Amino acid sequence: MSPAVDPDAVARPKFLPDPALSRAEMESLQRELAATATFADDHDLDPRAVAIDEPADLTDGVPDPRQETLPGTSDAGGSAAGNSDAPVVVGIDQAFLTPDDGEDRAVSAAVAIRGGDVIEYASAVTPLSIPYVPGLLAFREGEPMLAALEALDAEPDLLVCDGSGRIHFREAGVATHVGVLLDVPSVGVAKSLLCGTPDESTDGRPEGWRTPIRADESVETASAGGGAGDAADAADGDTPAAVIGHAYQSRQYPNSRRVNPLYVSPGHRVSAATTVEFVAALCAGYKLPEPTRIADAYADVAKRDAE
DNA sequence: GCGACAG
DNA sequence: ATCTTGTCGC
């Protein structure tokens with residue numbers, strides 16, 4: 001047959017968001033993509049290695065990228081932060097330009113963090129092809145995200161996306177979509193639940209609390225995960241439904257129970273259990289993990305500059 | 001037909 | 001996501 005064809009060279013363009021696709025085609029592509037995704041740990045990252053302890057101060061804009069240690073500037077003191085061997089965590093978020101003249105455009109912002117320090121920012125402005133449709137987010141925001149990530153020099157060891165990953169009707173949320181296209185470990189962080197069912201009520205939980213989100217009738221389980229045997233479908237009476245993510249209470253006020261949890265799920269090459277650990281390690285006192293919190297702020301800056 | 005749903 | 005001031009509570 002066709003000799004020496006690089007699978008990636010074929011697979012990558014195949015799943016690129018395309019405005020010409022019908023809804024059924026997009027859904028079909030998502031099923032294929034989910035079958036390609038790995039919902040098991042396939043990386044070298046220890047949650048402790050990506051942990052961020054100090055929240056960035058965003059009251060006066062975004063933090064300056066940490067200047068690389070210059071050749072002559074020896075850092076003999078040995079500060080723990082800024083180790084250039086630490087993994088690079090990239091947070092990404094989108095903002096939108098109001099249809100001033102009829103064409104919607106997305107502003108995508110990426111922030112690279114290493115050893116708790118911002119080392120680089122990148123952004124891209126992209127025309128939007130399709131409207132927002134629950135379940136098809138990747139076909140609206142995927143292209144902008146890829147554009148921003150391509151503009152980034154840093155190579156992500158872990159990608160933190162806004163929105164769901166495996167918590168998705170076809171287990172192919174944007175975190176999974178982008179993770180697979182770039183074949184990089186990724187996790188999805190959503191502020192509300194798209195589908196699936198929490199094991200326990202999420203009301204008024206203390207900081208650090210978590211509960212599994214399992215596939216329900218609305219989730220087509222592809223059972224494509226990399227590991228040994230994923231759980232079966234939700235409809236299987238016997239086996240418990242697959243855990244597709246977790247609700248995670250990243251922040252809570254002592255007495256009143258007002259903060260809603262985060263809904264975190266594997267994007268690609270990360271298990272559901274490790275996903276919560278990553279997110280927990282990346283939170284530094286605010287509801288959102290630092291990478292997305294800073295990406296949020298930078299998206300505003302990029303948006304302002306684009307207007 | 002109704003419900004329900006990331007950003 | 002976006003349109004938006006003050007304001008109640010930690």
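Letters A, B, ... mirror the listed sequences (proteins, then strands); counts begin at 1. Quick caveat, the model's predicted, so the values are computed rather than measured.
- Ring orientation note: the planes of A:H177 and A:F139 are nearly perpendicular, at an angle over 60° on the 30°/60° scale.
- In this structure, A:F96 reaches the sugar-phosphate backbone alone: every heavy-atom distance under 4.0 Å involves primed, P, OP1 or OP2 atoms, never a base.
- Listed nucleotides B:dA6, C:dA1, C:dT2 differ in distance to A:K191; the shortest reach to its side chain belongs to C:dA1.
- Each of A:R258 and A:D296 was assigned the nucleotide of DNA chain C with the nearest heavy atom; the assignment lying further toward the 5' end belongs to A:D296.
- With no hydrogens or angles considered, no side-chain donor-acceptor pair links A:T292 and A:D93 at under 3.5 Å.
- Counting any heavy atom pair closer than 4.0 Å across all strands shown, A:Y263 reaches no nucleic acid atom.
- Atoms CG (A:L194) and C1' (B:dA6) sit 5 Å apart, rounded to a whole Å.
- Relative to the six-membered ring of A:Y248, A:R210 misses at least one condition, a distance below 6.0 Å or an angle of at most 45° to the axis.
- At least one cation-pi condition fails for A:R258 and A:Y253: the charged atom is not both under 6.0 angstrom from the six-membered ring centre and inside a 45 degree cone around its axis.
- When the nucleotides B:dG7, C:dG9, B:dA6 are ranked by their closest atom to the side chain of A:E141, B:dG7 comes out on top.
- Closest contact between the side chain of A:H168 and the listed nucleotides C:dG9, B:dA6, C:dT2 involves B:dA6.
- Among the protein residues, A:A106 comes within range of no part of the nucleic acid, since none of its heavy atoms lies under 4.0 Å from any strand.
- At a threshold of 4.0 angstrom between heavy atoms, the contacts of A:I167 with the nucleic acid are absent.
- Contact check on A:R269 versus A:D183 returns a salt bridge, with a Lys/Arg side-chain nitrogen under 4.0 Å from an Asp/Glu carboxylate oxygen.
- One atom, CD1 of A:I130, and another, P of B:dG7, lie 16 Å apart when rounded to the nearest Å.
- Note: CZ (A:F139) to P (B:dC5) measures 22 Å, nearest angstrom.
- Comparing atom distances between the A:A95 side chain and each of C:dT2, C:dG9, B:dG7 picks out C:dT2 as nearest.
- Using a 4.0 Å heavy-atom cutoff across all strands shown, A:L136 reaches at least one base atom of the nucleic acid.
- Rounded to whole Å, atom P of B:dG7 lies 10 Å from atom CG of A:L193.
- Going from atom OH of A:Y253 over to atom P of C:dC8 covers 16 Å, rounded to whole Å.
- Between the side chains of A:Q249 and A:E207, no donor-acceptor pair of N or O atoms lies under 3.5 Å.
- Nucleotide C:dC10 holds its C1' atom 16 Å from the NZ atom of A:K287, rounded to whole Å.
- Nucleic acid contact class of A:S192 (heavy atoms, under 4.0 Å, all strands): sugar-phosphate only.
- More than 12 heavy-atom neighbours from other residues, nucleotides or ligands sit within 6.0 angstrom of CD on A:E25.
- For A:D305, the CG atom sits in a packed shell: over 12 heavy atoms of surrounding residues, nucleotides or ligands are nearer than 6.0 Å.
- We find that CG of A:L288 is positioned 13 Å from C1' of B:dG7, with the value rounded to whole Å.
- A:K303 has a side-chain polar atom (N or O) that falls below the 4.0 Å cut-off from OP1 or OP2 of C:dT2.
- Taking a pair as Watson-Crick or G-U wobble with both distances under 3.5 Å, DNA chain B contains no run of three or more consecutive pairs.
- Atom-to-atom, OH of A:Y132 to C1' of B:dA4 comes out at 11 Å; the value is rounded to the nearest Å.
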